[in-house]
Amino acid sequence: MIRHFIDGEWVAEGETFPGYDPRTGAENARVHEAGPGVVDRAVTAARRALPGWAGLPVAERSAWLRRLADAMEERFEDLVDAEVADTGKPRAQARTLDIPRGAANFRTFADIAAQRPDNAYHLPGTLSYTVRRPLGVVAVVVPWNLPFLLTTWKVGAALVAGNAVVLKPSELTPGSAAVLADIAARAGLPSGVLNVVNGFGAGSAGEFLTTHPGVDGVTFTGESRTGSAIMRGVADRVKPVSFELGGKNAGLVFADADLDAAVAGAVRSVFTNGGQVCLCTERLYVQRPVFEEFAGRLAKRAAELAHDGDLMPMISAEHRDKVLSYYRLALSEGATVLAGGGVPSGRGKGYHVEPTVLTGLPHSSRVNREEMFGPVCHIAPFDTEAEAVSLANDSEYGLAATLWTRDLSRAHRVAGAIEAGLVWVNTWFLRDLRTPFGGLRLSGIGREGGVHSLDFYSEPTTVTISLEPASE
Ligand code: NAD
């Protein structure tokens, strides 16, 4: 039974709802849903804890983050178990990416906060400097695709900046957040500094939390339309928001690319995590001289992945049906299916779909414009660099793009012309946690990462002093 964690105590209140194992479709958890009263208690506890936590020297908060990172490593297997049970992701991926990133996130923010210099500005006769204070009580609302990685990315930065946190994990993946709360409790983190409430979004814990008057700022990762709903909900109070939202990311493969590397990179960027990563490539554009070869090799790998014992399922039956509806839509719009397009055999009641490669649709088709969030891409040829850039930029989203080329000047030229928050050249998903992360347009508001996170989770006050001698 998954409970809320409020003021250092486990709280079993509210109706319960089921959790399912995406690999089998079998019920594997019961979770309490927080109503407005439970959310209010969590926010009140956070407000009470705030002055003590914010008043600690930053070095002490950094030391807390390092202690919690150590504890994450001690509880490594519990975190892997929770993440795999909720998401059905390959154990090997949870062990090498999702769970290690939790401790790495906490350590990165511990280091950056402790070493961050203050600012001072001199002019003749004046000295100005900034005092940074925490936002206050921060609501952290996260999705289901990379639960622990995304939770720790936000919670670590918010805590080290001196905020008290109320976390709302996705209703589909509450497990690793419960282990994180247990880690905090056992480590003796002061009560109320980190609280966890469970439930759904609209009309449930997510909405009660983000609209609560005691919450000073909202950091959210999820769908673009959910971002809009949260923004409307906090508009009256003009609360600061940081949004990491959806994507419709392009991959550009130039004829001069190392084709082996480009095929291997595209396989990763399309199919990792079942394509359920905001950074996944859903639109591939390949320069005409290598188009046939590239498409054939990608389709072959996609067909092989369908038989992989570790094929990651979709998170829920509902999400599987959404992805399959795009497969049907593509066919009805006249797509050629190079690989996949259906449900793999022999997976019982698991929520699997086939890794799929489509081609032949116009750029204006919904498959080329909407985020599908599954193991699927559409691949189309292009002739000139200018055409490739224009195709990549013609999107309502602007999160990430990937370029494959051996031409150094082209790499810099195209990267600078792409309208997205992140551009990878000859790689994908490689992250330096100090760099700004986020997207343009429907892909989000603001940037997190390194000092950019600390900027969001704090408010500067500028103090200006006259240096003129006092009149005698
Ligand atoms: P979602 O928007 O459905 O849900 C995310 C979270 O918001 C959940 O905890 C949910 O309960 C909560 N929520 C839903 N409605 C709410 C409301 N009205 N008020 C408050 N909270 C509410 O997203 P999802 O389906 O869980 O995740 C997939 C989406 O996340 C994709 O669009 C993906 O691109 C995006 N994503 C973006 C990034 C990024 O960094 N840009 C990273 C990962 C995922």
Side-chain angles (χ1 to χ4, degrees), residues 17 19 22 31 33-34 36 39 86-87 97-98 101 105 139-154 166-174 176-177 196-212 215 218-235 239 241-249 272-282 314-316 318-320 322-323 370-374 395-400 420-422 429 431 433 435-449 452-453:
F17 61 92
V31 188
E33 180 182 1
V39 170
D86 278 350
T87 61
L97 170 68
D98 300 72
R101 182 65 75 78
N105 283 336
V140 176
V141 181
V142 283
W144 47 259
N145 62 332
L146 301 167
F148 194 62
L149 184 156
L150 293 170
T151 295
T152 48
W153 173 245
K154 291 173 177 298
V166 183
L167 164 67
K168 213 284 297 165
S170 167
E171 56 274 24
L172 296 169
T173 54
S176 56
V196 184
V197 294
N198 289 296
F200 302 85
S204 182
E207 184 178 340
F208 303 145
L209 174 61
T210 51
T211 57
H212 193 291
V215 164
V218 177
T219 178
F220 166 73
T221 298
E223 282 195 30
S224 302
R225 64 166 178 266
T226 309
S228 304
I230 291 176
M231 217 168 165
R232 279 193 292 276
V234 304
K239 288 183 194 179
V241 293
S242 175
F243 286 167
E244 297 177 342
L245 307 177
K248 186 70 187 175
N249 310 306
T272 293
N273 215 51
Q276 303 166 113
V277 180
C278 54
L279 306 166
C280 276
T281 305
E282 292 195 358
M314 301 298 91
I315 189 69
S316 63
E318 191 189 359
H319 187 56
R320 174 199 55 200
K322 176 181 155 184
V323 174
E370 297 175 12
E371 183 185 52
M372 299 181 280
F373 221 55
S395 170
E396 289 185 294
Y397 295 94
L399 186 56
L422 306 150
F429 209 82
R431 294 274 297 118
L433 301 179
T435 56
F437 182 97
L440 322 177
R441 305 182 187 135
L442 284 185
S443 293
I445 297 179
R447 297 290 184 275
E448 296 193 39
H452 312 279
S453 292

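Atoms within each ligand, like the ligands themselves, are counted from 1 in listed order.
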Trainee: Of the non-hydrogen atoms in P169 and L167, which two are nearest, and what is the gap between them?
Mentor: CD-O, 3.7 Å
Trainee: Side chain or backbone of L146 under 4.0 Å from ligand 1, or both, or neither, by non-hydrogen atoms?
Mentor: neither
Trainee: About how many Å separate CG of L146 and OG1 of T221, when rounded to the nearest 0.5 Å?
Mentor: 10.0 Å
Trainee: Decide whether an N or O pair under 3.5 Å exists between S224 and ligand 1.
Mentor: no
Trainee: Which atoms of ligand 1 sit under 4.0 Å from any heavy atom of P169?
Mentor: 9 (O)
Trainee: Are K154 and E448 ion-paired here, with the side-chain N under 4.0 Å from a carboxylate O?
Mentor: yes
Trainee: For ligand 1, which atoms, with element, lie under 4.0 Å from some heavy atom of N145?
Mentor: 43 (C), 44 (C)
Trainee: Considering non-hydrogen atoms only, spot the tightest contact between F220 and E223 and give its length.
Mentor: CE2-O, 3.7 Å
Trainee: In Å and rounded to the nearest 0.5 Å, what is the SG to CD distance from C280 to E371?
Mentor: 9.5 Å
Trainee: I'd like to check which ligand 1 atoms, numbered from 1 as shown, lie under 4.0 Å from a non-hydrogen atom of G206.
Mentor: 19 (N), 20 (C), 21 (N)
Trainee: What part of L245, side chain from CB on, backbone N/CA/C/O, both or neither, has a heavy atom under 4.0 Å from ligand 1?
Mentor: backbone
Trainee: With sequence neighbours left out, what residues match F437 under ring-ring contact (aromatic ring centres under 6.0 Å, His included)?
Mentor: none
Trainee: If we only count N/O pairs under 3.5 Å, is V142 in contact with ligand 1?
Mentor: yes
Trainee: Pick one of side chain, backbone, both or neither for how E371 approaches ligand 1, counting any non-hydrogen atom pair under 4.0 Å.
Mentor: side chain
Trainee: Do you know which two heavy atoms are closest between W144 and L172, and how far apart they sit?
Mentor: CD1-CD1, 3.6 Å
Trainee: Would a search of protein heavy atoms around atom 41 (N) of ligand 1 find one under 4.0 Å away?
Mentor: yes
Trainee: Quick one: which ligand 1 atoms are inside 4.0 Å of a heavy atom on F437?
Mentor: 40 (O)
Trainee: Regarding E282 and K248, does a basic nitrogen lie under 4.0 Å from an acidic carboxylate oxygen?
Mentor: yes
Trainee: Under a 4.0 angstrom heavy-atom cut-off, which atoms of ligand 1 come close to S170?
Mentor: 9 (O)
Trainee: Does ligand 1 have a heavy atom under 4.0 Å from the side chain of L279, from its backbone, from both, or from neither?
Mentor: neither
Trainee: Counting from 1, what ligand 1 atoms have a heavy atom of F220 closer than 4.0 Å?
Mentor: 2 (O), 5 (C), 6 (C), 7 (O)
Trainee: List ligand 1 atoms under 4.0 Å from A202, heavy atoms only on the residue side.
Mentor: 15 (N), 16 (C), 17 (C), 18 (N)
Trainee: Which ligand 1 atoms are under 4.0 Å away from a heavy-atom of V141?
Mentor: 6 (C), 7 (O), 9 (O), 12 (C), 21 (N)
Trainee: Below 3.5 angstrom, do we get any N/O pair linking T221 and ligand 1?
Mentor: no
Trainee: For the residue pair R431 and T435, confirm or rule out a side-chain donor-acceptor distance under 3.5 Å.
Mentor: yes
Trainee: Under 3.5 Å, N or O to N or O, is S443 touching ligand 1 that way?
Mentor: no
Trainee: So, is E223 polar-close to ligand 1, with some N/O to N/O distance under 3.5 Å?
Mentor: yes
